[in-house]
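Working notes, beginning with the structure itself.
For ligands, and for the atoms within them, numbers begin at 1 and follow the listed sequence. For the numbers below, each heavy atom of this structure counts, side chains included, while hydrogens, waters and symmetry mates do not.
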Amino acid sequence: MHDSRLLTEARLDRFITERLKPALYRDTVALTAEVWSAPGEPVTFAEATAQQYSPFSIGTAWGRPWSTSWFRVRGVVPQAWRELAEGADAAVRIELVFDLGFDGGQSGFQSEGLVWGLDGVPIKAISPFNAAVVVPMDAHGRVDVFVEAAANPDVGSDWSFTPTTIGDPATAGDQPTYVMRQMDIALFDVNVYELVSDMEVLRGLMRELAPTSPRRAQILAALERALDVLDPHAVSATAAAGRAELAEVLARPASASAHVLHAVGHAHIDSAWLWPVRETIRKCARTFSNVIVLMDANPDFTFACSSAQQLSWMKEYYPALFEKIREKVRGGQFIPVGGMWVESDTNLPGSEAMARQFIAGKRFFIEEFGVDNEEVWLPDSFGYSGALPQIVAAAGSKWFLTQKISWNETNVMPHHTFQWEGIDGTRVFTHFPPVDKYNSDLCAPDIHHAERNFRDHGRATMSLLPYGYGDGGGGPTREMVSIVERTTSLEGSPRVMHSSPRAFFTAAQQEYPDADVWSGEMYLELHRGTYTSQLATKQGNRRSEHLLREAELWAATAAVQGAHAYPYDRLEKLWHLVLLQQFHDILPGSSIAWVHQDAERNYAYIAGELEELIATSLRQLAGDGERTLIFNAAPHERNGVLALSASENSERPEADGSTASRDETGFILQNDALFVRIDERGLVVELIDLASGRDAIPPGEVGNLFQLHRDTPTQWDAWDIDRHYRHVYTDLTAVDSIALGDDGCSVVVERSFGQSHLVQTISLSSGSGQLDLTIELDWHETQKLLKLAFPLDVHADRFSSEIQFGHIERATHTNTSWDVARYETSAHRWIHAGEPEFGVAIVNDSTYGYDVTRQERSGGGAFTLARLSIVRAAVFPDPNQDQGRHTLRVGVVVGADIQDAVEAGYRINLDERHVSGAAVNAVDPLFSIDNSGIVIETVKLAEDRSGDVVVRLYESLGRRSTATLDAAFGFDEVVATDLLERATASGAGPALSVSGASVSLSLRPFQLVTLRFAVGRS
Ligand SMILES: [Zn+2]
């Protein structure tokens, strides 16, 4: 047969575009509109509808960036249309159709609207590719609705990463952004719509099949027959005949071995990113309104929503919509998933905060919907901490989903379905959707890619397929649902079926119970700049986490010891705000300027509230008298004050004995533990541990060296540090001045470079082997990365980094492509490199990014070069990222083992508090433990507000341990619980036995334990 395939395909394309799609609406009549533009930030429906509206005509420009315009839209549906729509076969539907001035780009990255009924209840959103709305009309066919239109600008969805000032309302300008193109009542032709769906599904499938495939030829033949029977001048009248030609090829069932795709509707709505949090609240309302409408029309359609925070916003700001959501949750269509407060970053949140993401999230889902999630849903975070499997299991969950690792730029993960094992050995059944995206539109290339890409064929037969416009919202559309209906069983296609995460995971685990294991972190080989970008946001997080620890500890201590009221409501509110800022574009520093301004303001508010709560508790504990107490909130004794307690100043050493002096070669800092020589350039040339006599600085090297790198990533500016950053840099060795500090025990160095200036104070921690560096930085660089280098005379194949509830080891070498790709890594409060008898830890109060490498050592061997990433200056999406003043602290602990690192990490983040005017001479700790390797992370009262006391602790050194925990209060019972403070099944928790006020514990390496002490029951 002669081959006319390409000609016929071209004919098909033109017919669909030029004849079919314009025939989707048989006719339109214009609506009339009036407008009121809100002068400032968004207002409520009641406020908006009480304003004076002025006439508005189609073709008019509207909406300065970030503004909101309300349109009152009215019209009358022609009588003849109503009769058609009410007819027995109802082949038409009456819709309102809008074009707010859509730019053809992605949904969620441009203008969006929400249609409201006069009763103040949202009806449906107007989104790009989803701009039709069915609205109620009165008996005379009159429609009368409000449209809340958001002039959200496109901050850069062309992904050219061009710097723009539009991400800050102060600099975004005031010119109208959009031109209103359409506001119509339209007569929608159902048959034509179904025909378009048939043809597009078949066309998409056909193009995925080999040109030599018989099925492909048969589909094309059917499509050509349909083109012949369709009259281009009477599409509506001939649509049914066209569909009839396609029925047979559409009815052929899928092959028995076709891959099964569990399709789950989704809208990955970023809680802030290229828009502020306030806009996300409206994005959620718009998207969820779309979804509810789709559910009403399609009872099999399902939608998964992951963030408790987003639903909590609906409850607060859109109660009528929230009630509809509740109803759809009960019906099984709207599926709360993930069990987290937000889809947080997982590299940067501290131990307790990571746990609280699950505690707050799961509590919300359980209390509001009666849903106890068993899956974690994190499609888009930037790498996954090795602590997560244990935290997930401790939250009562057992499955994990992400797809972001498909963005790795170097290595390909070997599995899509596997067991993920954390640092403590806990395993969770994990899945990466092989479609490699969380916002598929279900086009044929996507679903066939998912089948072809799946790496576990032969052992597993199914994967999960999240679909729907995401990031900026929009969600699934009726076109996507129509694709699912047609590909449930279609020869040549993977099988696509409406499903839920729970149904998928249950079936997937059942068929593949012995899935292979991936151990340790799932490091994302991309977005390594997110450990460092937006320093002030990161400091706000770190500070908030430690203030929350103190606030809960001292409030719980005061409540137990003195029956003071525990500030449940305020703590919960503050936790929620901290958890929100940990969203995967806020804490990582990848949002527009507006978002980070909001974050910094929130952190200031949080700090103010927590300082007040802490001061109140300390006052209650101290009483009123003449003494001075020192409170130690750290989990280890310090300066004679027991962990979690307070005592008088009396046991402190008179002076810490550290001295600073100057000689002909520079400066000397010295105490009982360290001898430090600093040269005239402010560089550390000797760093001698007096106990061992070892110098931590390798021969010929210098420490405390600031290095300024060119930092021009090829794409994803705030997100990425590209490896080529190492090629071009300057050592900042010149000083403006160097002198002994006024206190007589420090050295102060000032340096200027570029447009920036820094003052560094170098001193020794009292009585310990810790070199303290306080850095006051006035930073005005562009596309630069400031590193602080410490070469360490330590021969180490691996180095340790603190993560949640433990630490992880990473290679210092670059033997494999996986090691090479880990050229910038994240850590919490400390990193450590050591030989069996000697190590060095570097601790910090602000920093998360590091690189640690091995270097050739003068005189033989290798040394370890540890460098902290201090600050960056990316230009997209915030063109002024990190400009201005910053203060941060770093400590170098010489002769440290892991336990020293753990202790120093807490210490530098938890200053002692001095309280004068105290009546008592001590405040006993609520808990004390006799094994310093087991760390008390949290002391608080129970979430259920029963007054029970909860303590969370973990084994921090990676070794099997026993300990006795003493409680300083009477209790009726103690049980091991999950994170939600529910008693764990017997055998699942730690081995523990109780004797009086003492609890004996036996812990696995890195085991996380929550104990609940029941009080006041008898
Ligand atoms: Zn995201």
Side-chain angles (χ1 to χ4, degrees), residues 106-109 112 152 154-157 159 161 167 264-277 279-284 286-288 303-311 313 337-338 340-349 357 361 376-385 388 400-408 432-433 435-441 464 466-476 522 524 526-531 533-534 537 579-592 594-596 598-599 715-720 876-878:
Q106 294 179 58
S107 178
F109 292 79
E112 306 167 66
N152 296 336
D154 182 349
V155 177
S157 73
W159 309 120
F161 309 103
V264 178
H266 189 48
H268 173 78
I269 303 177
D270 288 309
S271 289
W273 181 25
L274 302 179
W275 46 86
V277 165
E279 193 55 35
T280 308
I281 299 171
R282 300 200 299 176
K283 283 176 178 291
C284 291
R286 291 189 284 256
T287 299
F288 300 157
F303 177 81
C305 176
S306 68
S307 299
Q309 170 71 85
Q310 297 183 352
L311 291 162
W313 283 328
V337 293
M340 295 177 72
W341 187 251
V342 295
E343 287 187 18
S344 75
D345 183 83
T346 79
N347 291 314
L348 311 174
Q357 287 287 352
V376 179
W377 185 273
L378 276 176
D380 191 33
S381 302
F382 308 149
Y384 301 91
S385 157
L388 269 181
F400 189 88
L401 178 138
T402 177
Q403 68 80 39
K404 198 68 180 184
I405 301 293
S406 70
W407 286 42
N408 273 4
F432 291 157
V435 69
D436 286 348
K437 55 176 77 165
Y438 47 73
N439 48 10
S440 169
D441 62 1
L464 191 141
Y467 70 95
Y469 295 120
D471 296 326
M522 290 197 280
L524 180 63
L526 200 73
H527 294 357
R528 302 163 180 93
T530 61
Y531 317 145
S533 286
Q534 298 285 2
T537 298
L579 297 178
L580 169 60
Q581 313 305 316
Q582 293 177 340
F583 174 72
H584 65 255
D585 284 306
I586 305 180
L587 181 52
S590 46
S591 282
I592 53 174
W594 192 350
V595 172
H596 292 286
D598 281 353
Q715 53 176 357
W716 299 108
D717 292 43
W719 295 256
D720 282 4
F876 183 89
D878 174 359

Query raised in the report: Would one find an N, O or S atom of D270, in either backbone or side chain, under 2.8 Å from the Zn ion (ligand 1)?
Result: yes

Query raised in the report: Does a side-chain heavy-atom distance below 4.5 Å link Q309 with V342?
Result: yes

Requested in this report: Give, rounded to 10 degrees, the angle between OD2 (D380) and NE2 (H584) as seen from the Zn ion (ligand 1).
Outcome: 90°

Query raised in the report: For residues S271 and Q310, is any side-chain donor paired with an opposing acceptor at under 3.5 Å?
Result: yes

Query raised in the report: Hey, would you say the W716 and W407 ring centroids sit under 6.0 Å apart?
Result: yes

Query raised in the report: Does E343 bring an N, O or S atom to within less than 2.8 Å of the Zn ion (ligand 1)?
Result: no

Report task. Please check if any side-chain donor atom of D720 sits under 3.5 Å from a side-chain acceptor atom of H527, or the reverse. Result -> yes

